[in-house]
Amino acid sequence: MSITVTTWSLEQTSPADLRPSAAPEGDVRIVRAEVPSPEFSRFLYTAVGGDIRWTDRLGLTYAQWQEILNRPGTETWVVYEKGTPAGYVELEAQDEGVVEIVYFGLIPAFRGRGLGGHLLSHGVARAWDLAERWPGRTPTKRVWLHTCSKDGEHAMDNYLRRGFTLFETKVEEEPEVPMPGPWPGAHAI
C-alpha cells in the first residue's frame with residue numbers, strides 16, 4: 001500500500017523576510033536545549049511527530065542521535081507552557097550560510113493555541129542569528145525548510161504567514177506506514 005505525498009520546500013533569503021507572530025498570552029517560554037540529549041530529543045520527535053507519521057529517525061541508535069545533536073550549528077529550541085514542553089524547532093547549520101529548519105511542531109495537546117506561530121517566529125529568528133552563537137560559522141544568508149502533505153493541516157499556512165516563499169514542489173509515492181504515536185501502541189489524541 002502506498003500514498004501520494006506532496007513535499008513543498010520553502011525559504012527566506014533575508015532576515016527582513018520574517019513576519020513574526022504575536023506572542024501568546026500566559027506562561028509561555030522558549031528555551032534552547034543547550035546540552036545535547038538524545039533522550040530528550042527523541043521524546044520531542046515522537047511526541048510531536050507521532051500522529052503525523054514522522055518515522056525517519058525512529059530507527060536511529062543512541063549514538064546516531066548523539067552524532068546529529070553534536071554537529072556544530074545544530075540547535076534545539078523548546079517551547080514550554082506552564083513548565084511543560086509543548087513543541088520544538090530543530091535547526092541545522094549547513095554550508096555557505098544556509099540553515100535548515102529540520103523539524104518543527106507542537107505536541108497534539110498544544111496545537112491550536114497560538115504557540116506554533118510564536119515558536120516558528122522564534123526559531124526563524126534564531127536561524128538568522130545562529131552564527132552569533134557558533135564562532136567561525138558563516139552568517140546566515142538563507143533559511144529553508146520542507147513540509148509535506150502528511151504534516152499538520154496548518155503547517156503550510158504558518159510558514160507562508162511567517163514570510164517563507166515556495167521554491168520547489170515534489171510529488172512522490174511513499175509506502176504507507178502506521179502512525180507510530182509517541183510510544184509503541186499509543187494512539188494520538
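It should be emphasised that the depicted structure is a prediction, and the values quoted were computed from it without experimental measurement. Computation of the quantities below employed the complete heavy-atom set of this structure, encompassing side-chain atoms and omitting hydrogens, waters and symmetry-equivalent molecules.
Environment of CD in E173: crowded, with over 12 heavy atoms of neighbouring residues, nucleotides or ligands closer than 6.0 Å.
Side-chain contact between I101 and L91 is present, with at least one heavy-atom pair separated by less than 4.5 Å. Between W8 and E168, the closest side-chain pair of non-hydrogen atoms is not below 4.5 Å. When side chains are defined from C-beta on, L60 does not count as touching E67, because their heavy atoms never get closer than 4.5 Å. When side chains are defined from C-beta on, V124 counts as touching Q12, because their heavy atoms get closer than 4.5 Å.
With 3.5 Å as the limit, one finds no donor-acceptor pair spanning the side chains of Q66 and Q64.
Using a distance-only test at 3.5 Å, with no hydrogens or angles considered, a donor-acceptor pair links the side chain of D151 to the main chain of C148. R137 places a side-chain N or O within 3.5 Å of a backbone atom of Q94 that can act as its donor or acceptor partner. Although no hydrogens or angles enter the test, the distance criterion places a donor-acceptor pair under 3.5 Å between the side chain of T46 and the main chain of F43. Here the side chain of Y45 pairs a donor or acceptor atom with the backbone of T55 at under 3.5 angstrom. Within the 3.5 Å criterion, the main-chain N or O of L160 finds a donor-acceptor partner in the side chain of R19. One N or O on the side chain of S121 and one on the backbone of S21 form a donor-acceptor pair closer than 3.5 Å. Listed for the R126 side chain is no donor-acceptor partner under 3.5 Å among the backbone atoms of R32. In terms of modelled atom types and a separation under 3.5 Å, the side chain of R161 and the main chain of M156 share no donor-acceptor contact. Put simply, the side chain of S14 gets close to the backbone of A16: a donor and an acceptor are under 3.5 Å apart.
A salt bridge (Lys or Arg N to Asp or Glu O under 4.0 Å) with K150 is found for one member of E174, E172, E176 and no other, namely E174.
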Is there a side-chain contact (heavy atoms from CB on, under 4.5 Å) between E90 and E75? Walk through the geometry before answering. CA-CA 6 Å; E90 183 180 310; E75 296 183 347; over 6 Å; no
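Remark: F40 CZ to Y88 OH distance equals 10.5 Å, nearest 0.5 Å.
Ring-centre distance between W144 and F164: not below the 6.0 Å cut-off.
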